Amino acid sequence: NRILFFIDMDQTLDSISEALRRFVDKIGKLSTFFIIPLVFITMWDVFCRKFITLQIWLVENFGRIFESTLLQELEWHFHTALFLMVLGYGFTHNRHVRVDFIRENLKFRKKVWIDFLGTSILMIPWACILIYFSYIYTRESYLINEVSVSLVGLSHRWIIKSFMIAGFICALLSGIAVWLQTVVMLFGTPGYRLDPMTIDLPKNEE
């Protein structure tokens with residue numbers, strides 16, 4: 001009965017981890033569509049700089065949305081949103097930079113311990129701190145109705161700042177997903193098989 005309990009616990013933690021990974025993956029994949037307006041706005045901004053007369057005519061006849069300052073701010077807004085919303089996706093797919101000249105020479109279980117301690121002591125607490133201060137940062141921006149420092153820039157600065165909250169929440173969820181996997185691998189039933197997100201299985205276990 002005790003063995004069955006631990007097996008069931010492993011399956012529960014693994015299921016929660018997989019659910020978090022799927023959610024973060026879905027958000028990350030949807031966020032890649034930010035690249036489409038980013039590319040078009042950048043191309044249009046470069047084009048208008050080469051044909052400044054056309055840009056002036058567009059501004060005079062269709063509004064300030066065609067002004068260079070607005071276009072440049074939209075560029076970094078979409079770039080920022082894209083970067084923030086794929087942070088969690090990058091972690092669950094092991095795409096973040098690591099100091100691998102040390103880690104890669106360690107045995108599998110030691111790698112798991114590094115990820116367990118790293119997510120427990122560094123990533124999860126730090127993500128929570130970032131979410132908290134991002135919320136304060138965004139809330140203050142909303143309350144004062146913050147706008148661009150440029151007189152002809154974008155308004156509603158709180159919108160882009162809110163992406164910090166969403167992005168760091170996704171990063172937190174990805175950290176929890178990896179942490180749950182390391183708990184199962186370190187303290188769960190020996191031989192329980194799962195698909196590690198941040199560690200390659202030894203060849204003899206694949």
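This one's a predicted model, so the numbers in the text were calculated from it and none came from an experiment. Note that these values count all heavy atoms, side chains included, but never hydrogens, waters or copies made by symmetry.
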Undergrad: Take Phe34 and Phe163 through the test ring pair (Phe, Tyr, Trp, His ring centres under 6.0 Å) and record every step on the way to the result.
TA: CA-CA 12 Å; Phe34 283 125; Phe163 277 91; 5.8 Å; yes

Undergrad: If hydrophobic clusters are built from ILVMFWY residues whose side chains come within less than 4.5 Å, do Trp179 and Ile121 share one?
TA: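 Yes: a chain of side-chain contacts under 4.5 Å links Trp179 to Ile121.
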
Undergrad: Which atoms form the tightest heavy-atom contact between Ile160 and Ala81, and what is the distance?
TA: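 Closest approach of Ile160 to Ala81, heavy atoms only: CD1-N, 4.2 Å.
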
Undergrad: Stepwise, does the side chain to side chain contact (heavy atoms under 4.5 Å, CB included) test hold for Val147 with His156?
TA: CA-CA 6 Å; Val147 298; His156 302 87; over 6 Å; no

Undergrad: What's the shortest heavy-atom distance between Cys170 and Met85, and which atoms?
TA: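 Looking at all heavy atoms of both residues, the closest pair is SG-CE, 4.2 Å.
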
Undergrad: Are Phe78 and Phe40 close enough that their ring centers fall under 6.0 Å?
TA: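 For Phe78 and Phe40, the ring centres are not under 6.0 Å apart.
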
Undergrad: Look up atom OG1 in Thr92 and atom CE in Met197, then write down how far apart they are to the nearest 0.5 Å.
TA: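 One gets 6.5 Å once the value is rounded to the nearest 0.5 Å.
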
Undergrad: Which atoms form the tightest heavy-atom contact between Ile41 and Leu71, and what is the distance?
TA: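 Closest approach of Ile41 to Leu71, heavy atoms only: CG2-O, 3.5 Å.
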
Undergrad: Taking only residues two or more places apart in sequence or in another chain, which ones pass salt bridge (Lys or Arg N to Asp or Glu O under 4.0 Å) with Asp45?
TA: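 Salt bridge (Lys or Arg N to Asp or Glu O under 4.0 Å) list for Asp45, sorted by chain: Arg49.
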
Undergrad: Are His93 and Tyr89 close enough that their ring centres sit under 6.0 Å apart?
TA: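 Distance test on ring centres: under 6.0 Å, yes.
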
Undergrad: Side chain to side chain donor-acceptor pair (under 3.5 Å) with Trp158: which residues, sequence neighbours excluded?
TA: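 Partners of Trp158 by the side chain to side chain donor-acceptor pair (under 3.5 Å) criterion come out as none, since no residue qualifies.
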
Undergrad: Before you tell me yes or no, could you show the steps for Glu146 and Lys161 under side chain to side chain contact (heavy atoms under 4.5 Å, CB included), namely the whole-Å CA-CA distance, both residues' side-chain angles and the distance that decides it to 0.1 Å?
TA: CA-CA 11 Å; Glu146 183 184 7; Lys161 290 185 176 182; 2.6 Å; yes

Undergrad: Would you give the length of the straight line joining atom CD of Glu73 to atom OG1 of Thr80, rounded to the nearest 0.5 angstrom?
TA: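 So the gap between those two atoms works out to 11.0 Å.
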
Undergrad: Counting only N and O atoms by type, is there a donor-acceptor contact under 3.5 Å from the side chain of Ser17 to the main-chain atoms of Ala177?
TA: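 Such a contact is found between Ser17 side chain and Ala177 backbone.
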
Undergrad: Check for me, please, whether Met164 and Ile144 land in the same ILVMFWY cluster - side-chain distances under 4.5 Å, paths through other members count.
TA: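 Shared cluster, no.
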
Undergrad: Give the intermediate values and the outcome of side chain to side chain contact (heavy atoms under 4.5 Å, CB included) for residues Trp44 and Phe47.
TA: CA-CA 5 Å; Trp44 180 253; Phe47 177 80; 3.9 Å; yes

Undergrad: Just how far is it from atom NZ of Lys107 to atom NZ of Lys111, taken to the nearest 0.5 Å?
TA: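 Reported to 0.5 Å precision, the distance equals 12.0 Å.
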
Undergrad: Give me the atom names and distance for the closest heavy-atom approach of Arg109 to Met185.
TA: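 Scanning both residues, the minimum pair turns out to be NH1-O, 3.4 Å.
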
Undergrad: How many angstroms lie between CG in Leu172 and CZ in Phe91, if you round to the nearest 0.5 Å?
TA: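 Reported to 0.5 Å precision, the distance equals 11.0 Å.
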
Undergrad: With a 4.5 Å cut-off on side-chain heavy-atom distances among I, L, V, M, F, W and Y, is there a chain of contacts connecting Phe133 to Ile131?
TA: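 Phe133 and Ile131: one cluster.
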
Undergrad: Nearest 0.5 Å, what's the CD1-CG distance between Ile36 and Leu82?
TA: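 That separation rounds to 11.0 Å.
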
Undergrad: Do Thr138 side-chain atoms and Tyr135 backbone N/O form a donor-acceptor pair below 3.5 Å?
TA: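 Absent.
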
Undergrad: Taking all atoms of both residues into account, what is the closest heavy-atom pair of Ser148 and Arg157, and its distance?
TA: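 Closest heavy-atom pair between Ser148 and Arg157: CA-NH2, 3.0 Å.
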
Undergrad: More than 12 heavy atoms of other residues, nucleotides or ligands under 6.0 Å from CH2 of Trp126: yes or no?
TA: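 12 or below, so no.
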
Undergrad: Step by step, would you call Lys110 with Ile114 a side chain to side chain contact (heavy atoms under 4.5 Å, CB included)?
TA: CA-CA 6 Å; Lys110 289 183 178 179; Ile114 288 176; 5.6 Å; no

Undergrad: Salt bridge (Lys or Arg N to Asp or Glu O under 4.0 Å) with Glu18: which residues, sequence neighbours excluded?
TA: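 Only Arg21 meet the salt bridge (Lys or Arg N to Asp or Glu O under 4.0 Å) criterion with Glu18.
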
Undergrad: Quick check: does any side chain N or O of Ser174 sit under 3.5 Å from a backbone N or O of Ala171, one acting as donor and the other as acceptor?
TA: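 Yes, Ser174 side chain to Ala171 backbone: donor-acceptor pair under 3.5 Å.
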
Undergrad: For Asp115 and Thr182, does a side-chain donor sit closer than 3.5 Å to a side-chain acceptor?
TA: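 Note: Asp115 and Thr182 side chains miss the donor-acceptor criterion.
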
Undergrad: Is Leu186 linked to Val178 within one hydrophobic cluster, defined over Ile, Leu, Val, Met, Phe, Trp and Tyr using a side-chain heavy-atom separation of less than 4.5 Å?
TA: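 Leu186 and Val178: separate clusters.
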
Undergrad: Atom CG of Leu74 and atom CG of Leu154: how far apart are they, to the nearest 0.5 Å?
TA: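 It is 5.0 Å, given to the nearest 0.5 Å.
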
Undergrad: Quick check on side chain to side chain contact (heavy atoms under 4.5 Å, CB included): which of Leu13, Leu194, Thr119 does Leu180 satisfy it with?
TA: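 That would be Leu13.
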
Undergrad: Under 6.0 Å between ring centres: does that hold for Phe116 and Phe187?
TA: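 Yes, close enough.
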
Undergrad: If you take all heavy atoms of Val86 and Ser31, which pair is closest and at what distance?
TA: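 Taking Val86 first and Ser31 second, the nearest heavy atoms are CG1-CB, 4.3 Å.
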
Undergrad: Let me check something: do Met123 and Ile176 share a hydrophobic cluster, defined by ILVMFWY side-chain heavy atoms less than 4.5 Å apart, either directly or through other members?
TA: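 No.
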
